[in-house]
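Worksheet for the structure shown next.
The figures here come from the full heavy-atom set of this structure, side chains too, leaving out hydrogens, waters and symmetry mates. First listed ligand is number 1; within each ligand, the first listed atom is number 1.
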Amino acid sequence: MEVGIFVSNKKSEIIKILKDSEGKTISGEELGHRIGISRTMVWKYMRLLVDEGYGIESSPKRGYLLKSVPDLLNRDEIRMGLRSGFIGQQIHYFNELESTNITAKELAYGADDGTVVIAEVQKKGRGRLGREWLSPHGGIWISIILKPTISLTHVSRLTLVAGVAIAKSMRKLGVDARIKWPNDILIGDKKVCGILTEVNAEIEQVDYIVIGIGINANVDMNDLIGDVKNIATTLWSEIGKPIDRVSFIQDLLFDIEQEYIKFMTQSFSGILDEWTSLSDTIGRQITIMTPYNIVEGKAVGITDDGALVIKNSDGRREDIMAGLCIYT
Ligand code: BT5
């Protein structure tokens with residue numbers, strides 16, 4: 001069930017006033033007066049907020065005091081303080097979904113450019129080629145619907161654009177995030193994030209693109225079961241304390257929008273340069289498994305379309321568009 005779709009702006013206004021009160025109790029009467037509702041309605045909204053996990057101390061005589069906000073990716077919380085112009089202006093927030101990419105594709109036709117789908121938990125999170133993506137509580141599982149007028153051949157560039165933005169956002173938290181071609185973000189040699197770009201297009205015309213981003217933010221390592229535990233890391237374990245997911249998402253959406261605007265308005269070489277400087281793959285000996293063959297060699301560059309340039313042992317150059325990349 002989608003959460004909060006009918007909840008009016010009044011709720012956001014109440015949260016804002018409570019936050020702005022900075023530790024001071026505010027009376028129901030004053031709150032009601034400021035946003036134009038009765039004291040009884042204020043009380044009802046307070047009950048709703050408490051149900052959502054807000055810590056609100058209420059005393060019948062003095063009023064309401066905000067003690068804590070829930071660690072949920074509540075869309076009211078994300079919207080307040082969002083600096084991006086269009087990415088994230090529409091947010092569909094769910095406690096639980098099969099996959100945010102699936103829901104984003106269902107919503108895409110009627111959705112505005114930049115609409116975002118977020119879930120606290122995914123039951124059938126997916127990676128490339130139908131691989132499973134573990135998506136327990138504490139992560140950031142998010143899909144962005146974009147509607148650029150670009151040709152189908154340029155869609156893979158958006159994975160590079162997203163990778164650059166995500167790595168930059170994470171680096172601001174003080175971690176050495178680097179991009180592993182084609183769609184992983186690593187810290188050290190561990191995967192902290194995966195990107196799944198999907199497109200719907202008619203012949204050459206792109207209808208919409210969904211960029212799915214999975215970030216192990218405050219995920220408990222014990223919830224990363226099986227083999228994933230050995231290859232993955234989380235921002236929490238790297239930084240040593242849980243991150244503020246709401247403000248991280250606000251920054252991330254802003255950074256993605258900035259890179260996207262560059263992508264739409266400037267030469268792509270600028271983004272390629274940024275990608276290369278953040279790349280963990282360039283310069284390494286690698287093996288790539290494609291659906292058709294296995295390629296071995298040294299990663300030496302990236303092409304305009306996001307293909308990895310490999311120099312193999314006899315000096316021949318191969319450009320690989322997609323595949324599973326293993327460091328050797
Ligand atoms: C990816 O695929 O890395 C893309 C993952 C995209 C996930 C997002 S979450 C929001 C949106 N909704 C979705 O349903 N998907 C997107 P790939 O390169 O195929 O990597 C998949 C592999 O990563 C798996 O086979 C596991 O080995 C590993 N893996 C699975 N869950 C992981 C996790 N939480 N953290 C790190 N690695 C994981």
Side-chain angles (χ1 to χ4, degrees), residues 73 88 91-108 115-146 156 158-160 162-163 165-167 170 175 177-199 208-238 245 248-249 252-253 256 280-281 286 288-291 306 308 320-327:
L73 301 176
I91 297 175
H92 296 265
Y93 168 73
F94 301 83
N95 282 329
E96 186 178 299
L97 278 183
E98 293 215 321
S99 150
T100 55
N101 266 36
I102 294 176
T103 301
K105 286 187 276 181
E106 286 165 4
L107 292 168
T115 296
V116 161
V117 178
I118 300 179
E120 295 287 352
V121 170
Q122 293 185 120
K123 287 292 168 198
K124 285 193 181 158
R126 284 284 164 261
R128 293 174 302 152
L129 303 172
R131 284 191 280 262
E132 186 184 11
W133 181 262
L134 299 180
S135 317
H137 268 291
I140 294 174
W141 323 123
I142 188 166
S143 297
I144 303 170
I145 300 167
L146 294 172
S156 52
L158 278 166
T159 304
L160 306 187
I166 298 164
M170 285 188 186
V175 295
R178 303 203 147 263
I179 309 167
K180 180 180 178 196
W181 182 88
N183 63 326
D184 295 351
I185 307 292
L186 305 183
I187 300 175
D189 58 354
K190 299 280 168 70
K191 182 161 171 172
V192 67
C193 163
I195 306 165
L196 178 66
T197 305
E198 296 187 277
V199 60
Y208 63 80
I209 291 165
V210 170
I211 302 184
I213 300 168
I215 300 174
N216 299 326
N218 295 340
V219 167
D220 184 335
M221 280 303 285
N222 293 319
D223 290 337
L224 296 177
I225 47 176
D227 292 346
V228 175
K229 198 190 262 357
N230 303 321
I231 59 158
T233 189
T234 70
L235 290 173
W236 180 3
S237 57
E238 293 295 330
R245 290 187 304 158
F248 181 75
I249 290 180
L252 178 69
L253 295 179
I256 291 176
D280 185 66
T281 309
I286 55 170
I288 298 188
M289 294 198 260
T290 81
L308 193 67
I320 310 289
M321 271 313 286
L324 194 68
C325 173
I326 299 162
Y327 292 166

Which residue and heavy atom of the protein sit nearest atom 35 (N) of ligand 1, plus the separation: Asn216 ND2, 2.8 Å

Using the rule given for salt bridge (Lys or Arg N to Asp or Glu O under 4.0 Å), can you reason through Glu198 versus Lys105, listing the C-alpha separation, both sets of side-chain angles and the distance that settles it, and then say yes or no? CA-CA 9 Å; Glu198 296 187 277; Lys105 286 187 276 181; 3.0 Å; yes

In residues 222-229, what donor-acceptor pairs under 3.5 Å come from side-chain atoms, sequence neighbours left out?
| from | atom 1 | to | atom 2 | distance (Å) |
| --- | --- | --- | --- | --- |
| Asn222 | ND2 | Asp220 | OD1 | 3.4 |
| Lys229 | NZ | Met221 | O | 3.3 |

Does only the side chain of Ile102 get under 4.0 Å from ligand 1, or the backbone, or both, or neither? Count heavy atoms. neither

Closest non-hydrogen protein atom to atom 30 (C) of ligand 1, residue and atom name please, with distance? Glu132 O, 3.3 Å

Side chain to side chain contact (heavy atoms under 4.5 Å, CB included) involving Ala165 - partner list, sequence neighbours excluded: Asp255, Ile256, Glu259

Backbone or side-chain N or O of Trp141 under 3.5 Å from ligand 1 N or O: no

Heavy-atom pair of closest approach, residues Gln122 and Ser99: OE1-CA, 3.3 Å

Need the ligand 1 atom indices (1-based, order shown) with element for anything under 4.0 Å from a heavy-atom of Leu224. 34 (N)

Any donor-acceptor N or O pair under 3.5 Å, side chains Asp280, Tyr327: yes

Identity and distance of the protein heavy atom lying nearest atom 10 (C) of ligand 1: Thr100 OG1, 3.1 Å

Per-atom filter on ligand 1: closer than 4.0 angstrom to a heavy atom of Ile195 are 4 (C)

Specify the protein heavy atom at minimum distance from atom 31 (N) of ligand 1: its residue, its atom name, and the distance to 0.1 Å. Leu134 N, 2.9 Å

What protein heavy atom sits nearest atom 28 (C) of ligand 1, and how far off is it? Ile231 CD1, 3.9 Å

From the options Glu238, Lys190, Lys191, select the one residue that forms a side-chain hydrogen bond (donor to acceptor under 3.5 Å, both in side chains) with Thr233. Glu238

Closest heavy-atom approach to atom 1 (C) of ligand 1 among Asp184, Asn183, Val228 is made by Asn183

Tell me the closest heavy-atom pair linking Ser143 and Val210, and the distance in Å. CB-CG1, 3.8 Å

Sub-4.0 Å atoms of ligand 1 with respect to non-hydrogen atoms of Gly125: 14 (O)

State whether a side-chain donor-acceptor pair under 3.5 Å links Thr159 with Ser156. no

Considering all heavy atoms of both residues, which atom of Ile213 and which atom of Cys193 are nearest to each other, and what is their separation? CG2-SG, 4.0 Å

Closest non-hydrogen atom pair, Ile211 against Ala162: CG2-CB, 4.0 Å

Side chain, backbone, both or neither: the part of Arg131 lying under 4.0 Å from ligand 1 by heavy atom: side chain

In the structure I gave you, are the side-chain heavy atoms of Thr197 and Ile209 within less than 4.5 Å of one another anywhere? yes

When you measure from the heavy atoms of Ser135 to every atom of ligand 1, does any distance fall below 4.0 Å? no

Enumerate the atoms of ligand 1 whose separation from the nearest heavy atom of Ser99 is less than 4.0 angstrom. 12 (N), 13 (C), 14 (O)

Nearest-contact summary for atom 8 (C) of ligand 1 - protein heavy atom, Å: Gly214 N, 3.6 Å

In short, Gly214 meets Trp133 closest at the heavy-atom pair O-CZ2, 3.6 Å

So which bit of Ile142 gets within less than 4.0 Å of ligand 1, heavy atoms only: side chain, backbone, both or neither? backbone

Against heavy atoms of Ala232, which atoms of ligand 1 measure under 4.0 Å? 35 (N), 36 (C)

Protein contact of atom 37 (N) of ligand 1 - nearest heavy atom, named by residue and atom, plus distance: Trp133 CZ3, 3.6 Å

Considering only heavy atoms, which of Arg128, Lys124, Lys191 lies nearest to atom 3 (O) of ligand 1? Lys191

Please state which protein non-hydrogen atom is closest to atom 9 (S) of ligand 1 and give its distance, to 0.1 Å? Gln122 NE2, 3.4 Å

